[in-house]
Amino acid sequence: MEHNDNGLFIKRERFEVLAILREICKQRTPLRVVNQQQQFQSLLLSVGPDNIVFSGDKAESVANGEFTVVIESHDAKIEFTVGQPKFTDQLGVQVCSTCLPKELVYIQRRRQFRVTTPHWRQFLCSGEYADGTAYQLRIQDLSAGGVGLRFDGPLPGKLQPGILFKKALLDLGSYGSFKVNMELMVINEDQELDDDDKPVHFSRLSCRFINLGLAMERKIQSAVFAFELDFNKKKKR
């Protein structure tokens, strides 16, 4: 079974897990092994039908209980959790052996084309917070993976990274309207100069789309490309 959420996949098919890990082993891609106390670098040495073996020279102090293995390959970030390893000695080198993970979190590296919207277009994002309060925020930039929103004035306490905007309406005027679910990822403070060259402070909310279907992603991507094409034509006039 596989779940796709904007480049994030949960790989649970045993043969697919084996194929991915064997390719990592073949490429000798470094691993980062992490638990609550420490972390260390390692290499995947072998992938068997039911277990994996990786170098463990520094693992003794961090191998009590479960830990997470993180792999940064050229096209994806891969994470999985494994249980208590067994230590063995191979040709004088300490290695760790543990069961094959039941699933991999596979985050595909995809570069989304992003456009910045000019002030005069007034593209808006509207909806309701979880408590029922309405909001309407200006869209500063947009891609098929997420949106940047502008918030003027003091931020309410409920606006914290991790909150969800459910059924948010992205109004792009003649380019279409799209209803999406989003997660607030980062809040950054920013400023610009007004007509009198005085600084105006505001907050930028960086959100990612969640559970976005392929059809909706393509529609948003088409709108982004259409806007960029029209905007560039107007600049050349």
Side-chain angles (χ1 to χ4, degrees), residues 2-10 70 72 75-79 105-194 199-232:
E2 186 173 288
H3 170 65
N4 179 357
D5 180 5
N6 289 332
L8 187 150
F9 299 82
I10 307 298
V70 182
E72 299 273 2
D75 60 351
K77 178 180 179 180
I78 302 166
E79 296 184 10
V105 178
Y106 189 97
I107 306 171
Q108 187 176 0
R109 302 188 191 283
R110 297 192 300 170
R111 295 186 177 181
Q112 300 282 4
F113 181 72
R114 180 175 294 271
V115 294
T116 300
T117 63
H119 290 281
W120 53 269
R121 288 311 306 241
Q122 286 297 303
F123 293 156
L124 300 172
C125 174
S126 60
E128 292 184 351
Y129 296 116
D131 62 4
T133 307
Y135 65 83
Q136 187 177 71
L137 304 173
R138 190 172 73 79
I139 297 174
Q140 282 197 303
D141 56 72
L142 177 69
S143 76
V147 63
L149 305 175
R150 172 175 173 145
F151 191 100
D152 292 291
L155 284 172
K158 58 192 167 191
L159 271 184
Q160 298 291 334
I163 73 162
L164 301 181
F165 296 92
K166 295 185 177 180
K167 298 181 179 180
L169 180 64
L170 306 178
D171 184 357
L172 305 182
S174 60
Y175 299 96
S177 297
F178 311 95
K179 190 164 286 189
V180 297
N181 295 320
M182 309 184 301
E183 179 184 5
L184 176 57
M185 303 300 292
V186 180
I187 301 175
N188 291 316
E189 300 300 319
D190 206 342
Q191 69 176 34
E192 63 183 6
L193 298 178
D194 63 13
V200 176
H201 298 272
F202 61 92
S203 300
R204 184 184 183 280
L205 314 181
S206 297
C207 304
R208 74 178 183 97
F209 300 141
I210 56 177
N211 300 323
L212 193 68
L214 184 59
M216 178 63 75
E217 181 179 351
R218 287 175 175 170
K219 288 179 181 179
I220 294 176
Q221 189 73 75
S222 295
V224 167
F225 281 131
F227 170 77
E228 178 72 5
L229 183 62
D230 291 347
F231 187 66
N232 287 334

Side chains of [X] and [Y] in contact at under 4.5 Å (non-hydrogen atoms):
X: Ile220; Y: Val180; answer: yes
X: Ile10; Y: Val105; answer: yes
X: Ser143; Y: Val224; answer: no
X: Phe209; Y: Leu170; answer: yes

Just how far is it from atom [atom1] of [X] to atom [atom2] of [Y], taken to the nearest 0.5 Å?
X: Ile210; Y: Met185; atom1: CD1; atom2: CE; answer: 10.0 Å
X: Ile163; Y: Met182; atom1: CD1; atom2: CE; answer: 9.0 Å
X: Gln221; Y: Leu142; atom1: CD; atom2: CG; answer: 9.0 Å
X: Asn211; Y: Met216; atom1: CG; atom2: CE; answer: 12.5 Å
X: Ile78; Y: Tyr106; atom1: CD1; atom2: OH; answer: 5.5 Å
X: Leu159; Y: Leu137; atom1: CG; atom2: CG; answer: 8.0 Å

Please enumerate all residues that pass side-chain hydrogen bond (donor to acceptor under 3.5 Å, both in side chains) together with [X], with sequence neighbours excluded.
X: Ser203; answer: Glu189
X: Asn188; answer: none
X: Gln140; answer: none

With Ser126, which residues qualify under side chain to side chain contact (heavy atoms under 4.5 Å, CB included), at least two apart?
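For Ser126, the residues satisfying side chain to side chain contact (heavy atoms under 4.5 Å, CB included) (neighbours in sequence not counted) are Gln136, Leu169.
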Once side chain to side chain contact (heavy atoms under 4.5 Å, CB included) is applied, do any residues pair with Pro199, and if so which ones, sequence neighbours excluded?
Gln191, Leu193, His201
Minimum heavy-atom separation for [X] to [Y], with atom names?
X: Val200; Y: Arg150; answer: CG1-NH2, 3.9 Å
X: Leu212; Y: Ala144; answer: CD2-O, 3.5 Å
X: Cys207; Y: Leu149; answer: SG-CD1, 4.3 Å
X: Tyr175; Y: Ala223; answer: O-CB, 3.7 Å

Suppose the criterion is ring pair (Phe, Tyr, Trp, His ring centres under 6.0 Å): which pairs have a residue in residues 139-161, not counting sequence neighbours?
none
May I have the step-by-step check of side-chain contact (heavy atoms from CB on, under 4.5 Å) for Leu172 and Ile139, ending in yes or no?
CA-CA 9 Å; Leu172 305 182; Ile139 297 174; 3.9 Å; yes
Listed partners of [X] passing salt bridge (charged side-chain N to carboxylate O under 4.0 Å, His left out), at least two apart:
X: Arg138; value: none
X: Lys167; value: none
X: Glu183; value: Arg208
X: Arg204; value: Asp141

Mind checking ring-ring contact (aromatic ring centres under 6.0 Å, His included) for Tyr129 and listing every partner two or more places apart, or none if nothing turns up?
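Here the qualifying residues are Tyr135.
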Could you pull out all residues at least two apart from Phe123 that satisfy ring-ring contact (aromatic ring centres under 6.0 Å, His included)?
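ring-ring contact (aromatic ring centres under 6.0 Å, His included) list for Phe123, sorted by chain: Phe227.
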